[in-house]
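These values consider heavy atoms only, across backbone and side chains, with no hydrogens, waters or symmetry-generated copies. Note that the structure is predicted; figures quoted are calculated from it, not measured. We count ligands from 1, going down the list as the structure has it; atoms in each ligand are counted the same way.
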Amino acid sequence: MLAILISIIIFALLNSALAASAEQWRGRSIYQIVTDRFALPAGVDINACDPGKQTWCGGTWKTIRDNLDYIQDAGFTAVWISPVNENYDGPRSPYGDAYHGYWSADVSKLNGHFGTAEDLKALSAELHRRNMYLMVDVVINNVMAITTTPDFSNYMFKDQSMYHQYCPIQWGNITSEQRCWLGDEKVPLPDLDTRNPTVIEQYGKWIQNLVEEYGIDGLRIDAAQHVQMDFWPPFCATAGVFCMGEVFGGLEVDEIAQYQGPLGFDSVLNFPMYSALVEAFAIPGPQNITALTHVLAKSKEKFKDTGLLGNFLENHDLPRWHNRTVDPQSLYNAMVLCFLTEGIPIVYYGQEQYFSGSGDPYNREALWTSAYERTDAYNLMSTLNQLRNFLINNTDWLLQETEILTSSPHGIAIKKGDVISVTTNIGSPPQEGTHIAIPSPYEASTATTNILTCQQWVVGARGMLDVEYTKGGVPFILVPTHSLKNSGLCEQISPKTVTARPISATQCSIHLVTILPAISLLALSVAFLF
Ligand SMILES: *[C@@H]1O[C@H](CO)[C@@H](O)[C@H](O)[C@H]1NC(C)=O
Ligand SMILES: *[C@@H]1O[C@H](CO)[C@@H](O)[C@H](O)[C@H]1NC(C)=O
Ligand SMILES: *[C@@H]1O[C@H](CO)[C@@H](O)[C@H](O)[C@H]1NC(C)=O
Ligand SMILES: *[C@@H]1O[C@H](CO)[C@@H](O)[C@H](O)[C@H]1NC(C)=O
């Protein structure tokens, strides 16, 4: 009896220490943080952070831990933080200080600007207590210096022979992209020789120890295509956790897709989908929905597993969505697709606060200036997470493939499992006469609920659903009402209090007209400010 008890306890301990696999990450949803910019300790001047100054603003692992409610309340189940290892800390470089964590020097030590080993362990433990995962960004390809002939004595790799010789990258030449140095002559990023057996061995020991010591559940891998691909599978196997590689790219699926699978990573960041969402939804922009349908089809064909890709609209290298497009409906519609197609949704901190910085360094705003307000975008991502988490916990939604039900120049309707998402690029202004007719697989008269407004929509003849944009280009998420039982979404509204009214016998749909869509009204009032 005692033996059984002990073995149960040992099993539980082992289990809680077990790092997370791809399968465990599939159902997660990630909030990406620039550690220096997420939260300040009490008593510090909240107006002092100017991203243009490219220096530290004061965020730490402890301040992240103290403010996890903001992330968890929005339904996220994982947090991705900046690289945690010691960075270049010499004289200020022409591009400022290493506040972002990507300027590696000695990866065997932690970055003192972000706290102590105890602080990082406490963050990890607190995330696990909340049933959330910790994803850590790692920089393997390169270190940083302010000369092309650096002294490596303060770096983990001290010997010159462990680095490739300096050469500027010749873009488009894959050998050059892997061997030459990222950065430029002002801030060169010395390139490790990742074929050198000593480098491979030391990196292996380091990552295994880092993951174990700090209870890390997953890695985001910086500049992954700048290292030869065969470096990665053994590296990630040694780490023993889920790996998501950053393979920078555009609409082209083929090049990026080859990095996913047994010869590459569990997952890569979904740059093709990001680029396609910009093509389709940015206002102004090409507003090319075909680009999106192409990428979705091509992705299904080429990627090993679209369900593990990291879907995003922003990150620390790209302009904020709101910098391209001030119309909030553009953001909301694109967000719906990030969460409700295949893939792991990722929200870059501040997206929910409509931050609008252009590229680096203006896209690394201090979150505290927002007062962590529960904005419409915050509420939207909370609702999307709540629906997704509920479906993942209670149904086989994750395993269902996304189908495109219909697309037109101004919108696309997709179905994954029980969820029909209808998105448009027309923006906030109402458009009389613009509508999308969606063939659903549901029987006529099936009650569905738009979870964004809690309005009921009844399926029309031949399974048709009809969405009109007389209130502006809002997204619709329609779920059979019975499937929402126990979800906490729209359950307070009993069908009896809602009146559905047929528009006409020829139109194959029934619209609810008693409640105005709250989101479109709010969005319109925001849009009119610009
Ligand atoms: C590509 O880059 C490598 C490494 O710098 C170089 O040796 C090679 O000549 C380049 N190839 C071409 C076609 O320029
Ligand atoms: C829209 O995207 C498709 C697919 O990428 C492309 O073939 C087409 O030329 C694009 N149309 C416009 C107007 O850019
Ligand atoms: C985009 O960012 C740049 C630099 O931060 C800023 O000057 C510009 O006003 C931004 N555009 C919008 C629409 O916010
Ligand atoms: C899903 O299940 C996990 C683990 O049992 C639980 O912590 C979480 O609250 C559930 N979420 C929802 C939305 O049901």
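Listed by atom number, the atoms of ligand 1 under 4.0 Å from Gln170 heavy atoms are 1 (C), 2 (O), 10 (C), 14 (O). Applying the 4.0 Å criterion to heavy atoms of Tyr362 picks out, from ligand 3, the atoms 5 (O). Of all the atoms in ligand 3, the ones that sit under 4.0 Å from a non-hydrogen atom of Ser356 are 1 (C), 2 (O), 10 (C), 14 (O). For ligand 1 and Cys180, the ligand atoms under 4.0 Å from any heavy atom of the residue are 5 (O). The atoms of ligand 3 that sit less than 4.0 Å from any heavy atom of Val326 are 13 (C). Atoms of ligand 2 lying under 4.0 Å from at least one heavy atom of Asn288, given by number and element, are 1 (C), 2 (O), 3 (C), 8 (C), 10 (C), 11 (N), 12 (C), 14 (O).
Here the rule is side chain to side chain donor-acceptor pair (under 3.5 Å) with Thr402, and of Lys416, Lys300, Glu342 only Glu342 fits it.
Inside a 4.0 Å radius of atom 7 (O) of ligand 2 there is not any protein heavy atom. Protein heavy atoms come within 4.0 Å of atom 14 (O) of ligand 2.
Classification of the Phe38-Tyr70 ring pair by plane angle, with boundaries at 30° and 60°, yields tilted.
Atom 5 (O) of ligand 3 has its nearest heavy-atom neighbour, among Ser358, Gly52, Pro51, in Ser358.
Counting only heavy atoms from C-beta outward, the side chains of Asp376 and Met381 never approach each other to under 4.5 Å. A heavy-atom distance below 4.5 Å is found between the side chains of Ile140 and Tyr203. The shortest side-chain heavy-atom distance between Thr375 and Gln353 falls under the 4.5 Å cut-off.
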Taking it one step at a time, do Tyr95 and Asp184 satisfy side chain to side chain donor-acceptor pair (under 3.5 Å)? CA-CA 11 Å; Tyr95 304 136; Asp184 57 22; 2.5 Å; yes
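Given atom 11 (N) of ligand 3, the protein heavy atom at minimum distance is Asn323 ND2, 3.1 Å. Of all protein heavy atoms, the one lying nearest to atom 4 (C) of ligand 2 is His294 ND1, 3.3 Å. Atom 9 (O) of ligand 1 has Asn173 ND2, 4.8 Å as its closest protein atom, hydrogens excluded (heavy atom only).
By the criterion of a heavy-atom distance under 4.0 Å, both the backbone and the side chain of Ala291 are placed next to ligand 2. Residue-level proximity to ligand 1 for Arg179 is absent, since no heavy atom of it falls below 4.0 angstrom.
Seen from the ring of Tyr349, Arg320 counts as a face-on cation partner, given the 6.0 Å and 45° thresholds. Under the 6.0 Å distance and 45° angle rule, Arg37 counts as a cation-pi partner of Tyr99.
No salt bridge links Asp151 with Lys158; every basic N to acidic carboxylate O contact stays at or beyond 4.0 Å.
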